[in-house]
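Step one of this worksheet: look at the structure below.
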Amino acid sequence: MPVSHVMSSRLVSVTPEATVKEAVELMVARGVGCVVVTDAERLAGIFTERDVLRLVAEGAKLGQTIIADVMTRDVISVMPEDDPVDVAHLMSAKRIRHVPVAHDGHALGMVGIRDLLGLLLERAYGRQDTDARDTARDLLGRSPLSSAAPPGA
């Protein structure tokens, strides 16, 4: 099953000219943890909850700060046909919780850790897939079971 089957098509976006306050209000209204930044319908950046926290800690004036000045420009994205376990490995390695699913520079949807955890747990317990189980544990910040010492060792 490709990642496109678990992505959310509920993509929330802003333009680079939007203010941080506008982006945060949109995130709250839509109940999402990030917005993609699109310029002429092309993926230009991403702005997340972590960015909001950093700006608040720095004392930024959210109503005067422009998204283009604070967004992540080097967006890590995945392709619709990518394997969800591979995407989960990527998210764990990069310590990110949201990743856009994109094709040819256009964002098609968003995959979050919650989207992947459900699938990983289903694979881990339904198919006894140790890679899926260990990846789910890694996303949760727990050590993989397959690398743990056997009981009594």
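Please read all numbers here as calculations on a predicted model, not as lab measurements.
- Minimum heavy-atom separation, Met110 to Ile46: CE-CD1, 4.3 Å.
- Residues Val101 and Val85 are members of one and the same hydrophobic cluster, defined by side-chain heavy-atom contacts under 4.5 angstrom among Ile, Leu, Val, Met, Phe, Trp and Tyr.
- Pairing each heavy atom of Thr19 with each of Gly63, the nearest pair is CG2-O, 3.4 Å.
- Under the 4.5 Å side-chain heavy-atom criterion for ILVMFWY residues, no single connected hydrophobic cluster contains both Leu26 and Leu11.
- The minimum heavy-atom distance linking Arg42 with Asp104 is given by the pair NH1-O, 3.1 Å.
- Smallest separation of non-hydrogen atoms from Ile67 and Thr15: CB-O, 4.2 Å.
- The side-chain contact (heavy atoms from CB on, under 4.5 Å) test with Ile113 singles out one residue from Leu117, Leu116, Val111, Asp115, and that residue is Leu117.
- Panel note: side chain Arg73, backbone Ala68; a donor-acceptor pair is recorded below 3.5 Å.
- One hydrophobic cluster, built from ILVMFWY side chains closer than 4.5 Å, cannot hold both Ile76 and Met79; they sit in different ones.
- Panel note: side chain Thr65, backbone Lys61; a donor-acceptor pair is recorded below 3.5 Å.
- Annotation: the span from Asp69 atom CG to Glu17 atom CD amounts to 10.5 Å, rounded to 0.5 Å.
- Considering Val99, Val78, Asp86 as possible partners of Met91, the one that fulfils the side-chain contact (heavy atoms from CB on, under 4.5 Å) test is Val99.
- Taken from CD in Glu49 to NE2 in His98, the straight-line distance is 5.5 Å, to the nearest 0.5 Å.
- Atom OG in Ser8 sits 11.5 Å away from atom CZ in Arg114 (nearest 0.5 Å).
- Annotation: side chain of Asp51 is not in contact with side chain of Val70 (no heavy-atom distance under 4.5 Å).
- Nearest heavy-atom pair across Thr48 and Met27 is C-CE, 4.0 Å.
- In this structure, the side chains of Thr72 and Val37 stay at 4.5 Å or more apart for every pair of heavy atoms.
- Under a cut-off of 6.0 angstrom, the local environment of NE2 in His103 is sparse, with at most 12 non-hydrogen atoms contributed by other residues, nucleotides or ligands.
- Nearest heavy-atom pair, Pro80 versus Leu108, reported as atom, atom and distance to 0.1 Å: CG-CD1, 3.6 Å.
- Met71 and Val32 fall within the same hydrophobic cluster, defined by Ile, Leu, Val, Met, Phe, Trp and Tyr side-chain heavy atoms under 4.5 Å apart, directly or through other members.
- Taking hydrophobic clusters as Ile, Leu, Val, Met, Phe, Trp and Tyr residues chained together by side-chain heavy-atom distances below 4.5 Å, Val36 does not share a cluster with Phe47.
- A salt bridge (Lys or Arg N to Asp or Glu O under 4.0 Å) check over residues 24-41, counting only residues at least two apart or in different chains, returns the pairs Lys21-Glu25.
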